[in-house]
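Accompanying notes for the structure given below.
Protein chains get the first letters and strands the later ones, always in sequence-line order, with residue 1 at the start of each. Keep in mind that this is a model prediction, so the values were computed, not measured. Note: hydrogens, waters and symmetry copies are ignored here, and every other heavy atom, side chains too, is used.
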Amino acid sequence: MELVFEKHSAASGAANVPDPGPEAEALVPPELRRAAPPALPELSELDVVRHYLALSRRQVGVDSVFYPLGSCTMKYNPKLCEEAARLPGFARLHPHAPDELCQGMLALLWNLEQRLCEICGMDAFTLAPMAGAQGEWTGLLLVRAYHRARNDARTEVLVPDSAHGTNPASAAMAGFEVRAVASNDDGEVDLAALRNAVGPKTAALMLTNPNTLGLFETRIREIAAVLHQAGALLYYDGANLNAICGVARPGDMGFDIVHVNVHKTFATPHGGGGPGAGPVGVKARIAPFLPAPRIVREGERFARAEASPQSIGRVGAFGGNAGILIRAYAYLAMLGREGVTRVAQHAVLAARYLAARLASDFPSAYDRPCMHEFVATPSAAILGKGVKTLDIAKRLIDCGFHPPTVYFPMIVHEALMVEPTETETKERLDAFVAAMHVIAAEAMATPEKLKTAPQNAPVGRVDEVKAARELVLTYDMAR
Amino acid sequence: MPFVSLTDADVEAMLGELGLGSLDALFAHVPEDLRRHAFALPPGRTQLEVERELEALAARNDRAAGAACFLGAGAYDHHVPAALREILRRGELYTAYTPYQPEIAQGMLQALFEYQTMLARLTGLDVANASLYDGATACLEALGLAVRHTNRTRVVVDANLNPRWRDVIKTGAAGMGLTVVEVPGGGLAQGRDAAAPAAAVDASTAALLVPNPDFFGRYADLKALAQAAHAHGALLIGAAAPISMAIFEPPGAMGCDVACGEGQELGLGLSFGGPYLGFLAARKELVRRMPGRLVGMTVDSRGQRAFTLTLQTREQHIRREKATSNICSNQSLCAFAAGLYLAIMGREGLRRCAAACLAGVAALRAKLAAIPGVTLFPGTHWREFVFRTPLRAERVCELLAAKGILAGVPLAARFGAGIWEAGDVLVAVTEKRTAEEIDAYAAALREAVAAAR
């Protein structure tokens with residue numbers, strides 16, 4: 001398909017804006033004036049709309065297909081939430097508007113903080129972090145500030161070897177050395193290895209629960225005790241909160257700091273990669289270190305307060321991705337108490353059901369009951385045909401499904417990580433199972449069909465090696 | 001039950017298949033005492049009920065959202081074209097994940113590639129990434145890029161950068177091993193000053209970060225600063241405003257190695273501070289040190305043009321603690337919207353928008369200059385400027401708010417101590433402000449100041 005730069009029309013969108021005349025530009029001294037105008041597209045509004053509509057047809061989202069992308073919680077994004085964020089009273093509200101005139105917005109955010117506290121078992125929340133990884137970074141800066149305030153300069157953060165890449169990356173960005181902790185044969189944190197790793201230098205352990213293998217860390221209380229006895233903190237990566245939301249709380253398990261991914265658990269859309277939001281919750285003893293702004297309630301009035309002198313500072317220009325947080329609030333308001341629990345129950349049921357029904361061709365990497373997701377591998381017979389997990393993923397595209405996450409976690413060979421979420425029907429789950437078994441049969445009979453997939457996508461298999469080797473990052477680099 | 005799609009019969013059948021008697025049995029391996037909490041959450045409500053609640057909450061902000069908005073200081077009330085709002089509601093786009101499967105994500109990938117191209121052209125640099133969180137974090141990441149490139153840790157920051165952005169740099173500095181040196185970039189009466197920033201660069205400096213326009217809306221020629229930075233092997237980073245680049249010399253042409261900043265003005269609306277868009281553009285020699293996602297052009301198995309995420313070996317999911325940044329989810333849909341905005345506006349539309357800001361600022365300044373007791377400050381102002389009255393700035397803002405005008409940001413009340421005084425208001429004029437609103441602003445301010453004299 002053509003690029004926007006390869007299309008031209010005489011009429012352009014300039015008609016939207018009245019021309020203020022040449023006098024205005026004459027106010028700019030010659031040495032500050034741009035020599036030649038930027039080469040932006042010149043298209044009629046209709047041609048722009050057609051271009052972007054054509055692009056949208058070359059894209060799939062949860063609204064298009066079943067999207068069982070493990071660790072990403074690709075659930076349905078309720079449309080009321082979209083409408084809510086676009087109400088003029090929210091969408092046209094300037095972040096520097098005085099607090100007296102934003103009481104509705106502040107009330108919503110304050111209430112969202114309270115609900116997240118209750119769901120996670122925490123005492124205080126900040127909504128400022130703009131994504132999960134920024135939540136991790138914020139949380140680790142809190143860890144750092146907490147220890148420093150006690151004159152305890154701890155330098156190491158532990159992460160399980162199955163952890164998402166953002167965990168070690170966030171820890172490094174917050175100034176910590178990263179140390180990996182091995183998983184045991186059950187796919188859980190190896191307690192002996194943890195005890196060996198924990199010491200006076202340990203600032204925190206970062207953990208998802210259920211972990212990235214979709215397995216609940218059954219010895220979580222012992223893990224917490226090991227950390228706390230050594231004076232370290234336990235950090236909860238909320239990537240997998242959908243599995244336990246409304247069932248069990250990280251705070252009750254012994255976690256001291258959590259971040260939640262509202263774009264996973266609380267149904268806000270992923271936007272093709274973002275924006276999300278990564279609120280961070282803490283136990284009371286860590287609350288003084290939370291970033292500004294803090295939302296406070298004084299009677300019936302809400303206000304934004306500067307943080308305490310012990311605060312880590314600000315993590316963004318304003319108070320976070322409010323437009324996304326509105327969606328999360330609306331979702332939680334509709335779900336309510338029973339709905340939140342039902343989400344986790346159905347998410348786990350769907351995953352457990354798929355794991356069982358796929359097991360003959362795609363056995364789970366760990367022979368244990370999974371939570372909201374599971375990690376499988378193609379059977380030895382399939383791999384024996386030279387078929388890779390990647391080929392199975394690409395063949396699924398031809399069958400009308402978004403593939404699961406592949407090659408993650410790194411500790412499982414040829415991993416295929418499936419997370420169906422609670423929003424799919426049984427009919428859809430069964431259709432996915434059927435497609436996977438057909439693909440398994442194809443792998444045995446006609447493996448070429450998998451290796452040359454996809455055939456029914458907007459483009460054939462994309463050459464990612466060439467992209468990295470012959471770097472073309474703009475249209476001008478291509479010419 | 002909302003947003004679960006399994007019927008009671010489905011649940012029964014599926015539990016039966018698993019040999020389980022109840023939904024609770026799914027959690028049997030979660031220690032029992034961890035499952036005892038009675039969640040104190042309100043009961044669920046229907047869509048209609050929640051819609052009504054949200055409409056009522058939104059309506060409580062209507063006085064601010066419906067006012068004539070002269071607020072800036074990092075977020076600006078520019079027009080959002082209807083065609084943009086319409087396209088952004090395509091479910092294929094906004095309900096997609098990060099494009100890890102390029103064959104079914106060509107729409108988002110191509111749009112981001114086009115965005116990268118437009119930002120590179122706008123900033124006068126070679127490459128741009130596919131978004132960071134906001135202007136503040138883009139500055140922090142740009143400093144990190146300079147540190148990696150130069151193997152030095154000292155960074156010099158012009159103190160006339162947005163104070164909130166300076167706060168974020170301070171938050172991140174220690175963990176990233178940065179030593180931040182803030183230098184004065186010129187007082188309000190004196191005008192912008194390149195001498196102090198230039199003099200602060202030395203052989204241990206990784207980068208000099210300079211805003212253009214600065215926090216007070218003033219433009220400056222950065223070429224001498226580029227020379228000063230480059231003479232010491234440091235990078236010059238320009239924190240810039242995208243729309244202004246339609247008319248003003250862009251960072252790349254002034255010798256900046258990196259441009260970064262806030263892309264909110266490119267069609268994103270206000271939304272109480274987010275989601276916005278951090279942009280980052282650079283010379284192509286720096287690309288392997290850049291943070292954030294990059295989309296590259298390549299071919300598919302049939303030789304057709306195709307797009308994919310590339311240089312992922314810089315990123316956290318491959319490099320883990322050695323990655324150039326921890327960023328994973330970014331602001332892709334905002335970058336998509338910014339590209340769409342630039343396509344709708346086109347070269348001429350963006351020029352007119354930038355010129356309308358210049359004209360609006362000039363018109364308001366001319367009217368305020370005629371009011372006894374109001375002080376203006378010199379400089380080439382694009383979209384924003386500071387004025388001073390004998391009243392406290394927050395009092396001025398209160399009086400004008402009562403007349404439906406959000407007059408600006410009271411600097412001392414909002415940002416604490418700085419080079420400003422208690423009477424200083426930072427005011428922004430976008431293309432949305434009409435001549436009538438500007439007249440009403442001046443009349444209201446005249447009245448407020450006169451009443452106080």
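- The part of A:L141 that comes within reach of chain B is its side chain, from C-beta onward, which places non-hydrogen atoms under 4.5 angstrom from that chain.
- Judged by distance alone, with hydrogens and angles left aside, the side-chain atoms of A:Y67 form a donor-acceptor pair with the main-chain N or O of B:Y97 at under 3.5 Å.
- Residue A:A356 touches chain B through its side chain alone, counting heavy-atom pairs closer than 4.5 Å.
- Between the side chain of B:R45 and the backbone N or O of A:G336 there is no donor-acceptor pair closer than 3.5 Å.
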**OP:** Tell me, with the steps shown, if B:F248 and A:R33 meet side-chain contact (heavy atoms from CB on, under 4.5 Å).
**Re:** CA-CA 5 Å; B:F248 285 89; A:R33 250 181 252 170; over 6 Å; no
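- Put simply, the side chain of B:L34 reaches to within 4.5 Å of the side chain of A:I220, judged on heavy atoms.
- Only the side chain of B:K284 comes within less than 4.5 Å of a heavy atom in chain A; its backbone stays farther off.
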Subject >> salt bridge (Lys or Arg N to Asp or Glu O under 4.0 Å) evaluation trace for A:K394 with B:E103 >> reply: CA-CA 8 Å; A:K394 299 302 184 193; B:E103 293 83 5; 2.7 Å; yes
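- Minimum heavy-atom separation, B:G349 to A:V17: O-CG2, 4.0 Å.
- Counting all heavy atoms, side chain and backbone alike, A:E42 lies closest to B:G346 at OE2-C, 3.6 Å.
- Here the OG1-CD distance, from A:T166 to B:Q316, works out to 5.5 Å after rounding to the nearest 0.5 Å.
- B:N61 places a side-chain N or O within donor-acceptor distance of the main-chain N or O of A:G89, the cut-off being under 3.5 Å.
- Residues A:V4 and B:A343 share a closest heavy-atom pair of CG2-CB, 4.3 Å.
- Interface residue A:E424: only backbone heavy atoms are found under 4.5 Å from chain B.
- A distance of 10.0 Å separates CG of B:L6 from CZ of A:R342, quoted to the nearest 0.5 Å.
- Between the side chain of B:H29 and the backbone N or O of A:F216, no donor-acceptor pair lies under 3.5 Å.
- Proximity to chain B (any heavy atom under 4.5 Å) is shown, for A:L140, by neither the backbone nor the side chain.
- Residue contact with chain B, scored on non-hydrogen atoms closer than 4.5 Å, involves the side chain of A:P20 exclusively.
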**OP:** Go through B:Y276 and A:N321 one step at a time and tell me if the side-chain contact (heavy atoms from CB on, under 4.5 Å) criterion holds.
**Re:** CA-CA 8 Å; B:Y276 290 172; A:N321 282 341; 5.9 Å; no
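- Ionic pairing of A:R461 and B:D300 is not present here: no N-O contact between side-chain nitrogen and carboxylate oxygen is shorter than 4.0 angstrom.
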**OP:** Would you please test B:Y100 and A:H402 for side-chain contact (heavy atoms from CB on, under 4.5 Å) and show each step?
**Re:** CA-CA 10 Å; B:Y100 289 134; A:H402 193 287; over 6 Å; no
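- Between the side chain of B:T171 and the main chain of A:V315, no donor-acceptor pair closer than 3.5 Å is present.
- Because its NZ or CZ atom is not both nearer than 6.0 Å to the ring centre of B:F272 and within 45° of the ring axis, A:R92 does not count as a cation-pi partner of that residue.
- Distance check, rounded to the nearest 0.5 Å: CE of A:M105 to CG of B:L57 gives 9.0 Å.
- Only the side chain of A:M477 comes within contact range of chain B, with heavy atoms under 4.5 Å apart.
- Of the two parts of A:L335, the backbone and the side chain both hold a non-hydrogen atom closer than 4.5 Å to a non-hydrogen atom of chain B.
- Of the two parts of A:A478, only the side chain, counted from C-beta on, holds a non-hydrogen atom closer than 4.5 Å to a non-hydrogen atom of chain B.
- In this structure, chain B has heavy atoms under 4.5 Å from both the backbone and the side chain of A:I324.
- Note on A:R314 versus B:D167: salt bridge recorded, some NZ/NE/NH1/NH2 to OD/OE distance being below 4.0 Å.
- The aromatic ring centres of A:Y52 and B:F336 sit less than 6.0 Å apart.
- The two residues B:L41 and A:R337 have their closest heavy-atom pair at O-NH1, 3.0 Å.
- B:Q116 places no side-chain N or O within donor-acceptor distance of the main-chain N or O of A:T474, the cut-off being under 3.5 Å.
- Distance alone, capped at 3.5 Å, is enough to place a donor-acceptor pair between the A:Q59 side chain and the B:M108 backbone.
- When every heavy atom of B:A83 is checked against every heavy atom of A:V49, the shortest pair comes out as CB-CG2, 4.0 Å.
- Neither the backbone nor the side chain of A:A267 comes within less than 4.5 Å of any heavy atom in chain B.
- Interface remark: A:L32 contributes backbone and side-chain atoms alike to the contact with chain B (heavy atom separation under 4.5 Å).
- For chain B, the nearby parts of A:Y475 are the backbone and the side chain; heavy atoms of each come within less than 4.5 Å.
- Proximity to chain B (any heavy atom under 4.5 Å) is restricted, for A:V48, to the side chain, taken from C-beta onward.
- B:S5 places no side-chain N or O within donor-acceptor distance of the main-chain N or O of A:T425, the cut-off being under 3.5 Å.
- With salt bridges taken as basic N to acidic carboxylate O contacts below 4.0 Å, none links B:R89 and A:E82.
- A:M334 touches chain B through backbone and side chain together, each having a heavy atom under 4.5 Å away.
- Contact between A:E25 and B:I247 at its shortest, heavy atoms only, is CG-CD1, 3.4 Å.
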Original post:
Stepwise, does the salt bridge (Lys or Arg N to Asp or Glu O under 4.0 Å) test hold for B:R90 with A:D63?
Top reply: CA-CA 9 Å; B:R90 296 289 300 192; A:D63 281 2; over 6 Å; no
